[in-house]
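One structure is given here, and the rest of the page talks about it.
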Amino acid sequence: MAPKPPENTEQAQRIKRKLSIARALVLATYSGLLLMFTLLTLFKAEPNWPLWIVQVVPLLIFAPGLKRGYHRTYSWLCFVVLLYFTWAVTNTLSPLAYWRDYLAVALTVILFSSAMMASRWRQQWWLWENRH
């Protein structure tokens with residue numbers, strides 16, 4: 001179901017505020033995941049660079065679209081974040097869970113939720129802009 005455009009200026013301004021908050025959350029958690037993977041790799045005695053590439057490159061693919069604020073980028077990011085969420089939850093449920101696993105679960109949940117809402121609110125804002 002496609003989102004409906006706002007009916008008046010007040011609703012449009014509310015959506016714009018929500019969108020800016022969601023976008024800030026997306027960028028913060030997105031950066032947090034990238035930073036976590038990078039720091040964990042750098043501070044290991046023997047860094048596993050191939051693993052780092054596998055962890056970071058799928059996220060970096062979305063950087064240009066996030067910078068421009070495309071709603072489809074947020075939607076596709078949600079799909080990819082589900083893979084990270086699955087990995088993090090699996091590690092968290094292990095008896096050998098570390099703090100980084102819990103942090104990854106928290107970051108992916110917030111990233112998924114905020115990206116999903118940012119996508120919807122971006123579509124509504126786009127409809128409002130094109131109508132007025």
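If you're wondering where the values come from, they're calculated on a predicted model, not measured in any experiment. Residue numbers count from 1 along this sequence.
- No donor-acceptor pair under 3.5 Å is formed between the side chain of Ser119 and the backbone N or O of Ala115.
- Shown here is Trp87, whose CH2 atom has more than 12 heavy atoms of other residues, nucleotides or ligands within 6.0 Å.
- One distance of note links CG of Leu34 with CG of Leu60; it measures 5.5 Å at 0.5 Å rounding.
- Ion pair Arg122/Glu129 flagged as a salt bridge, since at least one NZ, NE, NH1 or NH2 atom sits closer than 4.0 Å to an Asp/Glu carboxylate oxygen.
- Taking the side chain as every heavy atom from C-beta outward, Trp52 and Leu40 never approach each other to under 4.5 Å.
- Trp49 and Thr41 form no side-chain donor-acceptor contact under 3.5 Å, judged by distance and modelled atom types alone.
- Heavy-atom minimum distance, Thr86 versus Thr90: O-OG1, 2.7 Å.
- Looking at Ser75, its side chain does come within 3.5 Å of a backbone N or O of His71 through a donor-acceptor pair.
- Residues Leu25 and Tyr84 fall into different hydrophobic clusters, defined by Ile, Leu, Val, Met, Phe, Trp and Tyr side chains chained together at heavy-atom separations under 4.5 Å.
- Note that CG of Leu19 and CH2 of Trp125 are 8.5 Å apart. Values are rounded to the nearest 0.5 Å.
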- What do the steps show when you test Tyr74 against Arg23 for side-chain contact (heavy atoms from CB on, under 4.5 Å), and what is the final call? CA-CA 9 Å; Tyr74 292 115; Arg23 186 177 167 143; 3.3 Å; yes

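- Leu42 and Val57 fall within the same hydrophobic cluster, where Ile, Leu, Val, Met, Phe, Trp and Tyr residues are linked whenever their side-chain heavy atoms come under 4.5 Å apart, directly or through other members.
- Note that the OH atom of Tyr30 and the CG atom of Leu66 stand 5.5 Å from one another [nearest 0.5 Å].
- Taking the six-membered ring for Trp and the full ring otherwise, the centers of Trp76 and Phe79 sit less than 6.0 Å from each other.
- The line from CZ of Phe112 to OG1 of Thr29 is 12.5 Å long, rounded to the nearest 0.5 Å.
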- Decide side-chain contact (heavy atoms from CB on, under 4.5 Å) for Val26 and Leu77; before the verdict, give the C-alpha distance in whole Å, the side-chain angles of both, and the deciding distance to 0.1 Å. CA-CA 10 Å; Val26 166; Leu77 180 60; 4.2 Å; yes

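- Taken from CD in Gln55 to CE in Met36, the straight-line distance is 7.5 Å, to the nearest 0.5 Å.
- Residue Pro58 comes nearest to Val80 through the heavy atom pair CB-CG1, 4.4 Å, listed as atom of the first residue, atom of the second, then distance.
- Under the 4.5 Å side-chain heavy-atom criterion for Ile, Leu, Val, Met, Phe, Trp and Tyr, Val109 and Leu33 are members of distinct hydrophobic clusters.
- To the nearest 0.5 angstrom, Trp128 atom CH2 is 4.0 Å from Thr9 atom OG1.
- Between Phe62 and Tyr70, the distance from one ring center to the other does not fall under 6.0 angstrom.
- Linking ILVMFWY side-chain heavy atoms closer than 4.5 Å, directly or via other members, places Val56 and Leu82 in a single hydrophobic cluster.
- A 4.5 Å side-chain heavy-atom check between Phe37 and Leu51 finds every atom pair outside the cut-off.
- A distance-only check finds no donor-acceptor pair linking the side chain of Ser113 to the backbone of Ile110 [under 3.5 Å].
- Both Leu103 and Val81 are assigned to one and the same hydrophobic cluster, defined by single-linkage of ILVMFWY side chains at heavy-atom distances under 4.5 Å.
- Without hydrogens or angle criteria, Asn130 side chain to Leu127 main chain gives no donor-acceptor distance under 3.5 Å.
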